[in-house]
Structures are given as C-alpha cells and as structure tokens.
Amino acid sequence: MIVTEYELLVCLAAELNMRKSAEKLFLSQPALSQRLQTIESRWETKIFLRTQKGLLLTPEGEAIVQHAERVIERERQIQERLEAQDGIVRGTLKIACASIVAQMWLPRVLKEFISAYPDVHISVVTGWSSEIHQALVDGSAHVGIVRGNISWKSVQKPLFQDKLFLVDKEIKQLDEVLESERPFIQFQSDSNYYQVIQDYWQRNFGKMPRQAMVMDQIETCRQMAFNGIGFAILPEVTLIGASEDINKVPLIDKSGEILSRDTSLIGYEQSLALPQVKAFLEIVDKYLETHY
C-alpha cells in the first residue's frame with residue numbers, strides 16, 4: 001500500500017460515509033469503492049461493512065486504520081525534520097487556539113504571516129484549554145494559544161493581557177449593577193474565566209446580581225450585550241469593533257487594579273524549532289510590538 005491509500009482509509013474511518021469521503025478525496029464514488037475493494041483484497045479482510053446508514057469499521061479494520069494513522073504521522077514527522085534541516089519556510093503550521101482569540105486576534109496575525117510566507121499551509125483548530133493541551137500532546141498542533149493561568153511544563157510565552165470590562169448599553173458605573181434589573185449574561189466553560197468573575201463579584205459586592213443568564217459561548221454573551229439584552233463582563237479583545245453606544249466600564253478591584261486576563265502561547269521545544277513555527281513566532285512578536 002502507498003501512503004495515499006493510508007490516507008484514503010483514515011478519511012473513510014473519520015467520515016464513515018462513501019459520498020462525503022469521495023468529496024474530500026476528490027474522487028468519484030465508484031473510483032473510491034474500487035480502490036477500497038483493492039485495499040481490502042490486499043489485506044485479505046473486510047475493513048468496512050456497508051450498511052444503509054453508512055460504513056462500519058470491522059475489528060480488523062480498526063487495527064488497519066490505526067496502523068494507517070501511525071504511518072501518516074511518521075511520514076509527517078520525517079518531512080518536518082527534512083524541512084527543518086534545509087531551513088526553508090514551508091510545510092504546514094498547525095495551531096490550536098482558544099476560540100475567542102481565534103475569532104478576534106489570530107486572523108490579524110495570520111494575515112501578516114501568510115503575506116510573508118505564502119508557501120506555508122495553515123491549519124487552525126479551536127477549543128477550550130483542555131482541548132488545546134491535548135492537541136499539543138497528541139501532536140495534532142505545533143503551538144497552542146490559551147487563556148488564563150495555565151499549567152504547562154514546556155515552553156510558555158506570554159502574549160498579551162486583556163483588561164476586563166462590564167459591557168452594557170445602559171449601565172455606566174459599577175455601582176449601578178446591584179440596583180439594576182438587567183440580567184447578568186455570563187459565560188461558563190472548562191476554563192477558569194467563569195470562576196474569576198465569580199470571585200471578583202464576591203470580593204467587591206458580596207452578592208450576585210438579581211438576574212443571571214449563563215451561556216456556553218463567550219461570543220453569545222458578546223452579542224447579547226451588544227444588542228442590549230443585558231450586561232456582560234468581557235475581555236478587551238472581544239471589544240474590537242464595538243459601536244460607540246456600548247458602555248465599557250473597567251473592572252477595578254478593591255486594590256485599585258483593573259482585573260485582567262492573560263493570553264499565552266505554549267508548545268514543545270522540538271515543534272517550536274521548525275522553520276514555519278519559528279517564522280510564526282517572529283510575526284507574532286512584530287505584531288505585538290506594533291499593537292500593544
């Protein structure tokens with residue numbers, strides 16, 4: 001079997017659907033079916049069972065697909081090593097990024113990176129901090145961009161700090177909150193952001209607002225606040241492009257400090273040594289110098 005056949009098997013195992021797999025592989029369904037039959041003939045076993053609802057992996061198929069994934073990953077590692085030796089900036093840059101940073105900050109950096117290094121392919125996945133950590137551990141990302149205080153034993157590079165603001169169309173001062181009937185729109189995830197806000201509120205006000213709405217996406221909170229549904233506490237990076245009729249009240253602690261949230265880049269030394277990753281870090285540094 002050649003590597004493209006391994007990729008075919010991995011794609012089929014991910015989609016479990018002939019039509020979708022054919023589209024991803026830029027093949028016709030008959031051609032894909034024929035190639036699968038040839039592969040199964042070589043292995044002298046059924047890798048997939050065809051049903052009305054799609055494909056099912058056989059136990060033998062699971063072992064073969066796992067082998068295919070290992071072969072593809074090994075080839076990727078060898079290719080990256082060769083590219084690192086000749087110092088040419090090409091290949092694929094794989095980034096795992098906190099969702100809100102991927103929405104509001106990362107596109108601006110990648111625009112400059114792509115302009116400077118058009119031969120590098122970009123892969124971006126978004127998620128919570130635990131998902132970003134896992135992407136680095138299993139090798140599906142070169143670098144991770146995470147929010148808040150994190151525990152990471154390898155390379156960690158601070159990027160920027162976001163001040164936190166109470167955002168609303170009506171409330172203009174913090175002390176108006178406890179008298180207001182407007183709902184407090186909160187964001188809850190596996191990060192410590194939700195707990196940071198809870199702790200701040202208890203320290204400074206002693207009790208929570210009268211009404212609360214809890215969302216699972218910070219972008220939902222942002223849109224709710226921007227459209228006047230209630231007030232939210234949002235990091236500064238989410239306020240890029242906010243209209244002038246939105247009040248932005250900084251969260252000042254009893255110590256007089258403005259509450260803020262860290263954004264950091266994390267990764268392993270061997271990944272950060274790749275030419276395309278080093279080039280990305282240089283672009284990040286230049287961007288931070290001119291924008292922060």
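For the single chain, residues carry numbers from 1 onward in sequence order.
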Asp168 side chain to Glu170 backbone, donor-acceptor under 3.5 Å: yes
Nearest 0.5 Å please: distance from the OG atom of Ser151 over to the CD1 atom of Ile266. 9.5 Å
Flag, side chain of Thr220 to backbone of Met215, donor-acceptor distance under 3.5 Å: no
Do Thr263 and Arg147 get their side chains close enough for a donor-acceptor pair, meaning under 3.5 Å? yes
Side-chain donor or acceptor of Asn247 paired with backbone N/O of Ile171 under 3.5 Å: yes
With distance as the sole criterion, is a donor-acceptor pair present between the side chains of Gln202 and Gln198 under 3.5 Å? no
State, yes or no, whether a side-chain contact exists between Glu60 and Ile47 at a heavy-atom distance under 4.5 Å. no
For Leu265, run the side chain to side chain contact (heavy atoms under 4.5 Å, CB included) check against Ile95, Val155, Leu159 and tell me which one passes. Leu159
Is a side-chain N or O of Tyr200 found less than 3.5 angstrom from the main chain of Ile252, in a donor-acceptor match? yes
Nearest atoms (heavy-atom pairs only) where Ala102 meets Thr126: CB-CG2, 3.5 Å
Measure from the side-chain N and O atoms of His67 to the backbone N and O of Ala63, and report whether any donor-acceptor pair falls under 3.5 Å. no
Taking atom NZ as the centre, does Lys278 end up with more than 12 heavy-atom neighbours from other residues, nucleotides or ligands that are less than 6.0 angstrom away? no
Would you confirm whether Arg261, through its side chain, and Pro235, through its main-chain N or O, come within 3.5 Å as a donor-acceptor pair? no
Any carboxylate oxygen within less than 4.0 angstrom of a Lys/Arg side-chain nitrogen, looking at Glu176 and Lys172? no
Are Leu272 and Leu288 co-members of a hydrophobic cluster defined by side-chain heavy atoms under 4.5 Å apart? yes
Quick check against the 3.5 Å criterion: does Gln276 have a side-chain atom that pairs as donor or acceptor with the backbone of Thr92? yes
dist Leu12:CG -> Ser33:OG (nearest 0.5 Å) comes out at 9.5 Å
Report, as yes or no, whether the 6.0 Å neighbourhood of atom NZ on Lys24 holds more than 12 heavy atoms from other residues, nucleotides or ligands. no
More than 12 heavy atoms of other residues, nucleotides or ligands under 6.0 Å from CD of Gln37: is that the case? yes
So does Glu5 pair up with Arg42, basic N to acidic O under 4.0 Å? yes
Would you sort out whether Lys286 and Glu112 count as a salt bridge (Lys or Arg N to Asp or Glu O under 4.0 Å), showing the intermediate values? CA-CA 10 Å; Lys286 290 179 181 177; Glu112 295 188 12; over 6 Å; no
Using atom types as modelled and distance alone, determine if a side-chain donor or acceptor of Trp43 lies under 3.5 Å from a backbone N or O of Ile64. no
Once rounded to the nearest 0.5 Å, what's the spacing between atom NZ of Lys163 and atom CG of Leu251? 12.0 Å
Kindly compute the distance separating CD1 (Ile233) from SG (Cys221), expressed to the nearest 0.5 Å. 10.5 Å
Please check if the side chain of His121 supplies one atom and the backbone of Gly91 the other of a donor-acceptor pair under 3.5 Å. no
Find out whether Phe113 and Val284 are in side-chain contact, i.e. whether some heavy atom of one side chain is under 4.5 Å from a heavy atom of the other. no
Once rounded to the nearest 0.5 Å, what's the spacing between atom CG of Leu234 and atom CD1 of Ile100? 8.0 Å
Taking atom OG1 of Thr58 and atom CZ of Phe48, what is their separation to the nearest 0.5 Å? 8.0 Å
Residue pair Asp138 / Ser140, side-chain donor-acceptor N/O under 3.5 Å: yes
Okay, side chain of Ser260, backbone of Gln161: is any donor-acceptor separation there less than 3.5 Å? no
Fit a plane to each ring of Trp105 and Tyr287, take the angle between them on a 0 to 90° scale, and name the class: parallel (under 30°), tilted (30 to 60°) or perpendicular (over 60°). perpendicular
